[in-house]
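One structure is given below, encoded as structure tokens.
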Amino acid sequence: MRRYSAFAVAREAARYHEGWARAWRSPEPKTKYDVIIAGAGGHGLATAFYLGRNFGITNVAIIEKGWLGGGNTGRNTTIIRSNYLQDPSAAIYEKSRSLYETMSQDLNYNVMFSPRGVLMLAQTEHEVRGYQRTAHANALQGVETEFVGPERVKQLVPIISLDGPRYPVLGGLWQARGGTGRHDAVAWGYARACSDMGMDIIQQCEVTGIRKDGGKVVGVDTTKGAIDCDKLGVVVAGHSGNLAEMAGFRLPIESVALQALVSEPIKPCMDIVVMANTVHGYLSQSDKGEMVIGGGADGYNNYTQRGSFHHIEETVRALVETFPMVSRLKMLRQWGGIVDMTGDRSPILSKTPVENVFFNCGWGTGGFKATPGSGWGFAELVAKGHSPLCEAFGLNRFREGRFVDESVAAGVAH
């Protein structure tokens, strides 16, 4: 793989950019792999990358029923933060945030990580107490956050209105080292690195069955034929329940649509990310000038990837109260993604009843921010059968009542 650099750009400019090679190979599947990863989104590609880099496992296939990064990886709003309440959550999200800081250098690919800061507004006395508690917990966890008052909020976000008619701004939880990244670039960077290690990325290859022998996985059936494997990692977000059924068990998750929209591009007016859980809305400005807007997930189970009017009405109505300027913008586009929600709003990174089948799912509305940390921990789980980052997120926690309750941290889509 030829490294990207300023010199490479200059060299190719001199010859009309005709010398660039494909970023990753598109091979036909082999008959057998040591590990198959189902799902070529950010989490699946990150898992494959760390399997190769950390454990030397490179006989790996990443199979994807559509196109690389075409699921939730390409349908989110790119927020990165780690200010979670519970210790296991803070550990995996902070690991992820720290990996984002060096990802462009690690992958030799610009993922456009922007540590612009994330502010979570407190608009009720209950939220004030909750965020102050989270700030204390984060201090013990080594996660840098602080609770700030309304004056500091106004300094950080000049366009905000502190005196809303329903929910005035009473303060906020500020994580200065949170921010955003380019979702597509994260997938492309991991894919390029995986391909360079000799892994096969196979697109338009849907899993139609999981083959077992004596309670142990031996391979998968796909639309491109049968492929054998020693281990299978499933990372397919909202479709995890379907593949679990193929393997012969059920998962405690439900799939719902999460919608977002962007406005027409405008001049720079906001350089941080703001989340408002009480009114269910969040807002940031992209590098192109669009205001990126999102809110809560749909209130009913579905698999749609389209937008709907009720989301525009509810989310924009909530944000107009806190950001009056939003009322004057025109919507540019809208979309939806399929998210998988657990009862405690925390993920599942776990062994399963089928030997050597591992599932990574249940990230709900917060999957993008966890991409590298999820891949790091899940790769360790697949390679060694155990990972400290994943230990609290096993399937057995639902049977044993050891919930990792992040329903407050996941109160708004994020």
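- For Tyr282 and Thr77, the side-chain atoms include at least one donor-acceptor pair closer than 3.5 Å.
- Here the shortest heavy-atom pairing between Val404 and Ser89 reads CG1-OG, 3.5 Å.
- Centroid-to-centroid, the aromatic rings of Tyr100 and Phe368 come within less than 6.0 Å.
- Checked for salt-bridge contact, Arg345 and Asp405 miss the test: no charged N lies under 4.0 Å from a carboxylate O.
- Nearest heavy-atom pair across Val236 and Ala38 is CG1-O, 3.3 Å.
- Ser327 contributes a side-chain N or O that, together with a main-chain N or O of Pro324, makes up a donor-acceptor pair within less than 3.5 Å.
- In plain terms, the two heavy atoms of Glu380 and Ser387 that are nearest each other are OE1-OG, 2.8 Å.
- No side-chain heavy atom of Trp376 sits less than 4.5 Å from a side-chain heavy atom of Ser96.
- Without hydrogens or angle criteria, Lys154 side chain to Ile160 main chain gives a donor-acceptor distance under 3.5 Å.
- The main-chain N or O of Thr73 is found under 3.5 Å from a side-chain atom of Asn76 such that the two form a donor-acceptor pair.
- Between Arg397 and Ile348 there is a side-chain heavy-atom pair separated by less than 4.5 Å.
- If you take CZ on Arg25 and CZ on Arg22, they are separated by 12.5 Å, rounding to the nearest 0.5 Å.
- The 12-atom threshold is exceeded at CD of Gln86, counting heavy atoms of other residues, nucleotides or ligands nearer than 6.0 Å.
- Remark: of the listed residues Leu156, Leu319, Val153, Val157, Val157 is the sole one forming a side-chain contact (heavy atoms from CB on, under 4.5 Å) with Val274.
- Between the side chain of Lys224 and the backbone N or O of Pro29, no donor-acceptor pair lies under 3.5 Å.
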- [ ] Show the numbers, then the answer: is there a side-chain hydrogen bond (donor to acceptor under 3.5 Å, both in side chains) between Tyr33 and Asp200?
- [x] CA-CA 10 Å; Tyr33 295 90; Asp200 290 348; 2.6 Å; yes
Open item on the list: One pair to check against side-chain hydrogen bond (donor to acceptor under 3.5 Å, both in side chains): Ser308 and Gln259. What are the steps and the verdict?
Closed with: CA-CA 8 Å; Ser308 62; Gln259 300 181 39; 2.9 Å; yes
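- Judged by distance alone, the side chain of Arg211 and the main-chain N or O of Ile227 form a donor-acceptor pair under 3.5 Å.
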- [ ] Decide side-chain hydrogen bond (donor to acceptor under 3.5 Å, both in side chains) for Gln141 and Asn138; before the verdict, give the C-alpha distance in whole Å, the side-chain angles of both, and the deciding distance to 0.1 Å.
- [x] CA-CA 5 Å; Gln141 295 155 350; Asn138 290 161; 2.9 Å; yes
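- Residue Ser374 comes nearest to Asn360 through the heavy atom pair OG-ND2, 2.8 Å, listed as atom of the first residue, atom of the second, then distance.
- The number of heavy atoms from other shown groups lying within 6.0 Å of NZ (Lys216) does not exceed 12.
- Counted within 6.0 Å of CH2 on Trp67, heavy atoms from surrounding residues, nucleotides or ligands total 12 or fewer; the atom is thus considered open.
- By the 4.0 Å N-to-carboxylate-O rule, Asp34 lies too far from Lys231 to be salt-bridged with it.
- For the residue pair Thr278/Glu127, the side-chain donor-acceptor check at 3.5 Å is satisfied.
- No side-chain N or O of Glu290 forms a donor-acceptor pair with one of Gln285 less than 3.5 Å apart.
- With hydrogens and angles ignored, the 3.5 Å screen pairs a side-chain donor or acceptor of Glu64 with a backbone N or O of Ala40.
- Going from atom CG of Leu45 over to atom CG of Leu68 covers 5.0 Å, rounded to the nearest 0.5 Å.
- Remark: Arg192 is positioned above the aromatic ring of Tyr4, its terminal NZ or CZ atom under 6.0 angstrom from the ring centre and at most 45 degrees off the axis.
- Using a 3.5 Å distance cut-off with no hydrogens or angles, the side chains of Arg182 and Asn110 do not pair a donor with an acceptor.
- Counting heavy-atom neighbours within 6.0 Å of Arg133 CZ, excluding the residue itself, gives a total of 12 or less.
- No more than 12 heavy atoms of other residues, nucleotides or ligands shown are found within 6.0 angstrom of CD on Glu245.
- For Glu144, the CD atom counts as loosely surrounded, since its 6.0 Å shell holds 12 or fewer non-hydrogen atoms of other residues, nucleotides or ligands.
- Aromatic rings from His136 and Phe147 are positioned such that their centres are separated by 6.0 Å or more.
- Atom CZ of Phe309 sits in a sparse spot, with 12 or fewer heavy atoms from other residues, nucleotides or ligands closer than 6.0 Å.
- Within the 4.5 Å cutoff, side-chain heavy atoms of Arg81 are placed close to those of Met275.
- Atom CD of Glu101 is separated from atom CG of Asp106 by 11.5 Å, given to the nearest 0.5 angstrom.
- Under the 4.5 Å side-chain criterion, counting only non-hydrogen atoms from C-beta, Pro252 is in contact with Leu395.
- Counting only N and O atoms by type, the side chains of Asn83 and Tyr93 include no donor and acceptor under 3.5 Å apart.
- Two residues are said to be in side-chain contact when any heavy atoms from C-beta on lie closer than 4.5 Å; Lys288 and Pro265 fail this criterion.
- Atom-to-atom distance recorded for Tyr50:OH and Cys194:SG is 10.0 Å, nearest 0.5 angstrom.
- Here Glu94 pairs with Arg97 in a salt bridge; the nearest charged N to carboxylate O distance falls below 4.0 Å.
- In this structure a side-chain-to-backbone donor-acceptor pair under 3.5 Å is missing from Arg2 to Trp20.
- Glu125 is listed as a side-chain neighbour of Arg129, based on a closest heavy-atom distance under 4.5 Å.
- Annotation: side chain of Met291 is not in contact with side chain of Val262 (no heavy-atom distance under 4.5 Å).
- Side-chain N/O atoms of Thr223 and Gln204 include no donor and acceptor closer than 3.5 Å.
- Thr180 and Arg116 share a donor-acceptor pair across their side chains, judged by distance under 3.5 Å alone.
- Using a 4.5 Å heavy-atom cutoff, the side chains of Ser263 and Leu332 are not in contact.
- At least one donor-acceptor pair under 3.5 Å links the side chain of Gln175 to the backbone N or O of Ser82.
- In this structure a side-chain-to-backbone donor-acceptor pair under 3.5 Å is present from Trp335 to Arg75.
- A donor-acceptor pair shorter than 3.5 Å cannot be found between the side chains of Ser161 and Glu321.
- Exactly one of Thr134, Val148, Val128, Val118 qualifies for a side-chain contact (heavy atoms from CB on, under 4.5 Å) with Leu173. That residue is Thr134.
- Ring-centre distance between Phe359 and Phe249: below the 6.0 Å cut-off.
- Separating the CD1 atom in Ile80 from the OG1 atom in Thr371 is a distance of 8.0 Å, to the nearest 0.5 Å.
- Note that OG1 of Thr124 and CZ of Arg166 are 12.5 Å apart. Values are rounded to the nearest 0.5 Å.
- The closest side-chain donor-acceptor pair between Asp344 and Thr342 falls under 3.5 angstrom.
- Here the shortest heavy-atom pairing between Ile201 and Ala191 reads CD1-O, 3.4 Å.
- Checking side-chain atoms of Thr352 against main-chain N and O of Phe358 turns up no donor-acceptor pair under 3.5 Å.
- The two residues Leu121 and Ala276 come nearest to each other via the heavy atoms CD1-CB, 4.1 Å.
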